[in-house]
Protein chains: 2
Amino acid sequence: MQRPELKKAGLRTTGPRLNILRVLETHAERHLGADEIYQLLLDAGEDISLATVYRVLTQFEDAGLVCRHNFEGGHSVFELETGRHHDHMICLETGQVTEFLSDDIERLQREIADLHGVELVEHSLILYVRPKKKSRDA
Amino acid sequence: MQRPELKKAGLRTTGPRLNILRVLETHAERHLGADEIYQLLLDAGEDISLATVYRVLTQFEDAGLVCRHNFEGGHSVFELETGRHHDHMICLETGQVTEFLSDDIERLQREIADLHGVELVEHSLILYVRPKKKSRDA
DNA sequence: CTAATTGCAAAAGCTTTGCAGCGCA
DNA sequence: TGCGCTGCAAAGCTTTTGCAATTAG
């Protein structure tokens, strides 16, 4: 089971790496924290250490395989790098993470950086939302 | 030296609180971490503990006097609450923080939440930028 | 006078790292 | 076979907290 992405990154094919890749792929719609990935692997009967999860994720990040998002409270979540940029919407009640992309916002961000005479390298946009109550508004 | 904002928040007028308020006001253009506030006070000859800085900042946040931003790496910065919402642009090279506000982006965010059938509670938008190379302007 | 506040130090939560042994290429 | 990789446990960082002494009102 050779993984070209590992080869390309100069990383050896090892159990922990394959397992972590698999978990990320299996939960492509979720945004997992290192601890969650660790727990999922333990639950799956894999023998792995949290330190390795962090190390591998960091290597994957450096290799451009995954991307890390820093959510509130110093908690990081990881997701496979799809090449398709998007931002996140987090439900304050359920914790559910939804991805979205607005070309208009993306463009406006570049315009703003431009106005300030700087170059936009990257950005982080997170919307904290909550289910709409029945009546619209409070 | 009575501070109506403290009274209103039900907080006693104490040295640490006055000092922290003063530091925040003195550095209104900066975005200070708790550690920086602590250090500034030490440098100013004040006798204060880091724990108190955190506690006071949290109380100020609860009272709506300051607002806390979670930047990368689990590092929080604080600034006086001006009532005027804004987002941040951080220079990756100098670390300089610039505030900005785009009504268009604000509106688009609400529209996006709306499209997803949820209510926008708050958001975090941070642009990571870098000085523009050659081209005209700086 | 009495509850709020502070300092200290220990603890907590997330992430990183030193080290010795194991395993991929 | 050699260097990369892993696990373990300890260390690092930022932030929080228990407790006893101190202080504002």
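Just so we're on the same page: letters track the sequence lines, and every chain starts at 1.
Nearest nucleotide to the A34(B) side chain, out of dC8(D), dT15(D), dG4(D): dT15(D). Listed nucleotides dC5(D), dG25(D), dT6(D) differ in distance to P16(A); the shortest reach to its side chain belongs to dT6(D).
A sub-4.0 Å separation between OP1 or OP2 of dG4(D) and a side-chain N or O of T14(A) is absent.
Nucleotides of DNA chain D nearest to G15(B) and V77(B) differ in position, and the one nearer the 5' end is that of V77(B).
Within 4.0 Å of D35(B), counting heavy atoms only, lies no atom of the nucleic acid at all.
Atom CD1 of I37(B) is separated from atom P of dT15(D) by 10 Å (rounded to the nearest Å). In this structure, the CD atom of Q59(B) is 15 Å from the C1' atom of dT15(D), given to the nearest Å. Here the P atom of nucleotide dT14(D) and the CG atom of N70(B) are 14 Å apart, to the nearest Å. If you take CZ of F60(A) and P of dT6(D), they are 9 Å apart, rounded to a whole angstrom. In this structure, CG of N19(A) is placed 16 Å from P of dC5(D), rounded to the nearest angstrom. Separating the CZ atom of R17(A) from the C1' atom of dC5(D) is a distance of 6 Å, rounded to the nearest angstrom. The CG atom of L32(B) sits 15 Å away from the P atom of dT14(D) (whole-angstrom rounding). For the pair L18(B) CG and dA24(D) P, the computed distance is 10 Å after rounding to whole Å.
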Taking only distance into account, with no hydrogens and no angle test, what donor-acceptor pairs under 3.5 Å do side-chain atoms of residues 7-16 of chain B form with protein atoms, sequence neighbours excluded?
| residue | atom | partner | partner atom | Å |
| --- | --- | --- | --- | --- |
| T14(B) | OG1 | R17(B) | N | 3.4 |

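The ring-ring contact (aromatic ring centres under 6.0 Å, His included) contacts involving residues 13-36 of chain A comprise H31(A)-H88(A), where partners must be two or more places apart or lie in separate chains.
The two residues V66(A) and F78(A) have their closest heavy-atom pair at CG2-CD2, 4.3 Å.
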Could you go over nucleotides 16-22 of chain D and give all protein N or O partners under 3.5 Å, atom names and distances?
| residue | atom | partner | partner atom | Å |
| --- | --- | --- | --- | --- |
| dG18(D) | O6 | R55(B) | NH1 | 3.3 |

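Counting side-chain heavy-atom gaps under 4.5 Å among Ile, Leu, Val, Met, Phe, Trp and Tyr, the cluster of I105(A) also holds M89(A), F100(A), L108(A), I112(A), V118(A), L120(A), L125(A), L127(A), V129(A), M89(B), F100(B), I105(B), L108(B), I112(B), V118(B), L120(B), L125(B), L127(B), V129(B). Taking a 4.5 Å side-chain heavy-atom cut-off between Ile, Leu, Val, Met, Phe, Trp and Tyr, the cluster of V121(A) extends to F71(B), V77(B), I90(B), L92(B), V97(B), I126(B), Y128(B).
In this structure, the side chain of H85(B) does not engage the main chain of G83(B) through any donor-acceptor pair within 3.5 Å.
Ion pair R30(A)/E79(A) not flagged as a salt bridge, since none of the NZ, NE, NH1 or NH2 atoms sits closer than 4.0 Å to an Asp/Glu carboxylate oxygen. Salt-bridge formation is not detected for the pair K132(A)/E119(B): no Lys NZ or Arg NE/NH1/NH2 atom is positioned less than 4.0 Å from an Asp or Glu carboxylate oxygen.
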Practice item. Would you please test L18(B) and R3(B) for side chain to side chain contact (heavy atoms under 4.5 Å, CB included) and show each step? Key: CA-CA 8 Å; L18(B) 292 175; R3(B) 288 287 215 150; 3.4 Å; yes
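Where DNA chain C meets chain B (any atom under 4.0 Å from a heavy atom), the bounding nucleotides read 5' to 3' are dA3(C) to dA9(C).
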